[in-house]
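Below, chains carry the letters A, B, ... as their sequence lines are ordered, and counting in each starts from 1. These numbers were taken from a predicted model, which means no experiment stands behind them.
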There are 2 protein chains.
Amino acid sequence: MTAGERNGADESIEVGTPSDPEAALARLAGRHAVGYRSVGVMAYDIIREAILDGTLPPGHKLRQETLAELIGVSRLPVRSALIQLESDGLVEFHDRRGAVVKSLSVEQAREVYQLRILLETAALRQSMADMTDQRLARLRELGRTADAKQEGGDFVDARTAFYAELYDAARRPIQWELIEQLRLKVGRYMLGWRLVGDDTHHHSHDELTDAVAAGEVEPAVQLLQHHLEGVRDGVLEMLEAESLAQAAPARRRRSRG
Amino acid sequence: MTAGERNGADESIEVGTPSDPEAALARLAGRHAVGYRSVGVMAYDIIREAILDGTLPPGHKLRQETLAELIGVSRLPVRSALIQLESDGLVEFHDRRGAVVKSLSVEQAREVYQLRILLETAALRQSMADMTDQRLARLRELGRTADAKQEGGDFVDARTAFYAELYDAARRPIQWELIEQLRLKVGRYMLGWRLVGDDTHHHSHDELTDAVAAGEVEPAVQLLQHHLEGVRDGVLEMLEAESLAQAAPARRRRSRG
DNA sequence: AGTCTGCATCTTGGATCCAGAAATCACGAT
DNA sequence: ATCGTGATTTCTGGATCCAAGATGCAGACT
């Protein structure tokens with residue numbers, strides 16, 4: 001109860017930074033303020049979401065004090081959250097120097113997609129061997145939702161729900177856990193993917209559902225693989241552009257004009 | 001056979017201390033006592049090792065206070081360690097009631113080995129496509145060491161080093177990370193595996209190295225897969241025996257969901 | 001006599017406080 | 001003027017303290 005009351009009402013703490021991650025984070029904190037059993041997991045959810053939706057960009061330094069103030073809790077649950085996020089591979093601890101948002105290198109992204117293709121095509125094969133009408137129906141619904149939402153906060157969530165059903169996550173919890181870990185690593189770049197990707201993917205989930213419904217294993221696997229490769233290429237493009245952008249602006253503060 | 005001395009019957013049914021896990025833990029704590037930068041990671045290492053070598057059996061209740069005293073630190077780094085271990089899948093938190101050592105079900109073990117076969121055969125294929133003489137030499141050495149050590153505390157470590165080299169872990173860090181996660185889940189049961197496994201595996205690492213050196217991909221993959229399946233069967237046997245032992249003296253005590 | 005409810009105790013989870021280390025800034029020397 | 005060195009300041013990591021929730025037992029009521 002005490003935790004939910006600080007809704008971060010005045011986010012005017014440090015207004016002035018260009019992207020204002022603090023204001024956005026305070027807004028996130030407000031949305032998550034109520035209905036949590038422990039503030040530790042609340043802090044975890046807030047920071048996690050902030051990283052995944054780009055509010056806290058890769059490389060951003062995560063000061064415990066600031067985060068604690070913005071979320072409205074003590075530094076301790078923030079530390080817990082950061083430790084969890086480190087295990088998730090989203091943040092990185094520097095020995096006595098605090099934590100930063102982990103950024104993904106091009107090689108890492110390539111490896112992630114290689115692994116996703118390996119794990120997800122295997123999951124699809126296994127899942128299709130055991131398909132039921134009920135799951136197909138749910139799949140259609142979820143696929144339609146996923147295809148419809150091409151942007152927004154629940155963009156990733158819709159896809160996650162679709163693939164969870166597609167891979168029959170309930171029957172292979174560990175495999176799904178691994179897949180989710182991998183998706184988490186690239187989730188932050190998925191938002192930008194649509195911007196550079198063309199429109200050929202707009203109905204991919206529906207097409208995939210068709211192949212699954214028809215029981216055609218190899219075509220379905222091919223569809224999935226091509227889809228993942230397409231997303232991968234988009235993410236890679238974005239990453240390369242980002243790394244170029246980071247290399248260029250070596251602006252000194254004291255540079256004379 | 002130091003590892004398998006307990007007959008497994010009275011092991012960890014309740015909080016009852018079969019052979020004083022506290023004393024063993026204190027010994028572990030002594031070994032780890034010096035040379036750590038932060039006590040949080042020390043606590044993590046100690047508890048992790050205690051779980052993996054069976055000192056803290058599955059189902060064991062982990063009281064923060066006790067652990068803190070045994071390790072010789074405050075409860076806070078213990079909490080940090082437990083949070084990390086939860087992310088590793090080794091312990092499980094029950095909302096306001098503390099943490100317990102997670103136990104592995106037969107289904108979970110089966111899934112773990114299914115995934116290990118998938119990921120590790122893929123890693124082997126990729127690694128063999130890029131083999132060098134230096135790595136082969138290191139591999140021979142590590143394989144010999146692994147085959148030699150059939151017991152003891154560094155039993156698992158020797159194998160880990162061998163497979164890290166075999167899969168060229170340095171070039172595929174994420175894939176190796178996933179493999180390590182999976183190996184971690186079954187590591188606690190690997191110690192007992194040798195007891196039920198026959199002696200046909202005694203030179204498996206050396207044989208595997210031979211196939212790798214010869215550049216014969218499919219035979220090497222087959223060797224690896226068979227090896228993993230053999231270990232899997234041993235672990236499954238052990239798990240089934242253990243679950244039977246647990247089923248018999250059913251001390252029901254308000255089990256929770 | 002059995003069961004439900006209320007109280008006491010234990011244990012986790014959170015906050016505040018303290019110490020150690022690292023980065024920064026200022027001052028001095030070259 | 002620039003670089004190196006030392007002091008200050010800031011921030012992380014740890015310990016102790018406090019509150020909230022859950023469990024278990026005991027007593028009372030049906």
Discussion item. For the backbone of B/R75 and the side chain of B/Q64, can you confirm whether one donor and one acceptor N or O come within less than 3.5 Å of each other?
Written reply: no
Worksheet item: What is the distance, rounded to the nearest whole Å, between atom NE2 of B/H94 and atom C1' of C/dG13?
Response: 17 Å
Discussion item. So that I can tick it off, tell me whether B/K102 and B/E92 are bridged by a salt bridge, with the cut-off set at under 4.0 angstrom between side-chain N and carboxylate O.
Written reply: no
Worksheet item: Taking five pairs at each end of the helix from C/dA1-D/dT30 to C/dT30-D/dA1, what angle separates the two helix axes (nearest 10°)?
Response: 10°
Worksheet, complete the sentence: Checking D/dG13, C/dG14, C/dG13 against the side chain of A/V39 (C-beta onward), the nearest is C/dG14
Worksheet item: So do B/L142 and B/R159 actually touch side chain to side chain, heavy atoms under 4.5 Å?
Response: no
Discussion item. Regarding B/R63, tell me which of base, sugar-phosphate or nothing describes its non-hydrogen contacts under 4.0 Å with the strands shown.
Written reply: sugar-phosphate
Fill in: Value in whole Å for how far the P atom of D/dG14 lies from CG of A/D95
10 Å
Item to complete: Could you tell me whether the side chain of B/R79 has a donor or acceptor atom within less than 3.5 Å of a complementary atom in the base of C/dG14?
Response: yes
Worksheet item: Can you list the steps and then say if B/K185 with B/Q108 is a side chain to side chain contact (heavy atoms under 4.5 Å, CB included)?
Response: CA-CA 9 Å; B/K185 284 179 196 290; B/Q108 286 171 326; over 6 Å; no
Worksheet item: Heavy atoms under 4.0 Å, any strand shown: does B/S38 hit a base, just sugar-phosphate, or nothing?
Response: sugar-phosphate
Fill in: Separation of atom CG in A/L62 from atom P in D/dG13, rounded to whole Å
12 Å
Worksheet item: Rounded to the Å, how far apart are B/E69 CD and C/dT12 C1'?
Response: 15 Å
Discussion item. Between C1' on D/dC17 and CD on B/E65, what's the gap in Å once rounded to a whole number?
Written reply: 13 Å
Worksheet item: Just to confirm, is there a sub-4.0 Å distance from OP1 or OP2 of D/dC17 to any side-chain nitrogen or oxygen of B/R75?
Response: no
Worksheet item: From C/dA15, C/dG20, C/dT12, pick the nucleotide closest to the side chain of A/R96?
Response: C/dG20
Discussion item. Whether the side chain of A/Y113 engages the backbone of A/V231 through a donor-acceptor N/O pair (distance < 3.5 Å, no angle test) should be reported.
Written reply: no
Item to complete: Using atom CG of B/L76 as one end and atom P of C/dA19 as the other, report the distance to the nearest whole Å.
Response: 17 Å
Worksheet item: Does the side chain of A/R97 get closer than 4.0 angstrom to OP1 or OP2 of C/dA23 through an N or O atom?
Response: yes
Worksheet item: Should B/F93 and B/V100 count as side-chain neighbours, where that means a heavy-atom distance under 4.5 Å?
Response: no
Fill in: Whole angstrom value for the distance that separates P of C/dC10 from CD of B/Q64
17 Å
Worksheet item: Within the side chain of B/E111, is there an N or O that forms a donor-acceptor pair under 3.5 Å with the backbone of A/Q175?
Response: yes
Worksheet item: Roughly how many Å is it from OH in A/Y44 to P in C/dG13, rounded to a whole number?
Response: 17 Å
